[in-house]
2 protein chains.
Amino acid sequence: MPKFMDVHRGMKGITPELLREAHEADLAIQGEESVDFQRAWGDPETGVVFCLSEAPNAEAVRKIHERTGHPADEIVELPLEV
Amino acid sequence: MPKFMDVHRGMKGITPELLREAHEADLAIQGEESVDFQRAWGDPETGVVFCLSEAPNAEAVRKIHERTGHPADEIVELPLEV
């Protein structure tokens with residue numbers, strides 16, 4: 001299953017609780033698109049959040065994030081990893 | 001130790017070998033700035049590479065990547081993780 005990194009911007013001031021809630025909202029419905037969100041990292045100061053996932057394609061990642069109300073600004077497939 | 005995600009752009013066509021070489025060049029000198037590069041992911045099609053690290057500060061990450069010839073376009077501290 002391909003991996004993806006998606007990037008969200010404009011989340012300045014995000015708290016640990018808000019990041020957890022957003023991530024859990026994704027986890028709750030990710031199975032409907034066969035996505036597996038593995039990790040999310042965030043920075044309240046710059047408002048940038050990164051999510052690492054496995055998914056059939058970028059469109060599946062896009063759909064889940066849109067349905068949970070935090071659309072990704074960028075979704076990058078990751079064929080290479082070291 | 002804080003975590004960081006750095007982003008490189010413009011690496012279209014990057015191969016598994018080139019990503020590994022770049023990562024190993026970072027690993028070879030990272031101790032001089034107390035950086036620990038943990039993982040790197042890349043996409044030959046968009047030319048985007050993400051590196052996850054632990055480091056004392058963003059400046060340390062910036063220095064290592066600059067010295068190995070692949071400066072980061074963006075370095076984001078990651079105080080939040082789920």
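Side chains included, hydrogens not; waters and symmetry mates left out as well; all remaining heavy atoms used. Numbers restart at 1 for each chain; the letters A, B, ... are given by sequence-line order, proteins then strands.
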Student: Based on non-hydrogen pairs under 4.5 Å, which of B/Pro79, B/Cys51, B/Pro16, B/Gly42 is most in contact with chain A?
Tutor: B/Gly42
Student: So if I take each residue of residues 52-67 of chain B and look for any heavy atom under 4.5 Å from a heavy atom in chain A, which residues do I end up with?
Tutor: B/Leu52
Student: So, for A/Leu27 and A/Phe37, which heavy atoms are closest and what is the spacing to 0.1 Å?
Tutor: CD2-O, 3.7 Å
Student: Show the nearest heavy-atom pair for residues A/Ala40 and A/His23, with the distance to one decimal.
Tutor: CB-ND1, 4.1 Å
Student: Run the side chain to side chain contact (heavy atoms under 4.5 Å, CB included) test on B/Ile14 and B/Val49 for me, step by step, so that the C-alpha distance in whole Å, both residues' side-chain angles and the decisive distance to 0.1 Å come before the verdict.
Tutor: CA-CA 9 Å; B/Ile14 189 169; B/Val49 169; 4.1 Å; yes
Student: Would B/Lys12 and B/Glu45 count as a side chain to side chain contact (heavy atoms under 4.5 Å, CB included) here? Give the steps.
Tutor: CA-CA 6 Å; B/Lys12 281 190 188 178; B/Glu45 197 169 311; over 6 Å; no
Student: Just checking A/Glu24: does its CD atom have more than 12 heavy atoms from other residues, nucleotides or ligands closer to it than 6.0 angstrom?
Tutor: yes
Student: What part of A/Glu74 gets within 4.5 angstrom of chain B, counting heavy atoms only: side chain, backbone, both, or neither?
Tutor: side chain
Student: Say you draw a straight line from CG of B/Leu78 to CZ of A/Arg39; how long is it, rounded to the nearest 0.5 Å?
Tutor: 11.0 Å
Student: Less than 4.5 Å to any heavy atom of chain B: does that hold for the side chain of A/Val7, its backbone, both, or neither?
Tutor: side chain
Student: Highest number of heavy-atom pairs under 4.5 Å with chain A: which of B/Arg20, B/Met5, B/Lys3?
Tutor: B/Met5
Student: Tell me which of these, B/Thr46, B/Val48, B/Leu19, B/Thr15, has more heavy-atom pairs under 4.5 Å with chain A than the rest.
Tutor: B/Leu19
Student: Quick check against the 3.5 Å criterion: does A/His70 have a side-chain atom that pairs as donor or acceptor with the backbone of A/His8?
Tutor: no
Student: Is the backbone N or O of B/Arg9 less than 3.5 Å from a side-chain atom of B/Asp73, with the two atoms forming a donor-acceptor pair by type?
Tutor: yes
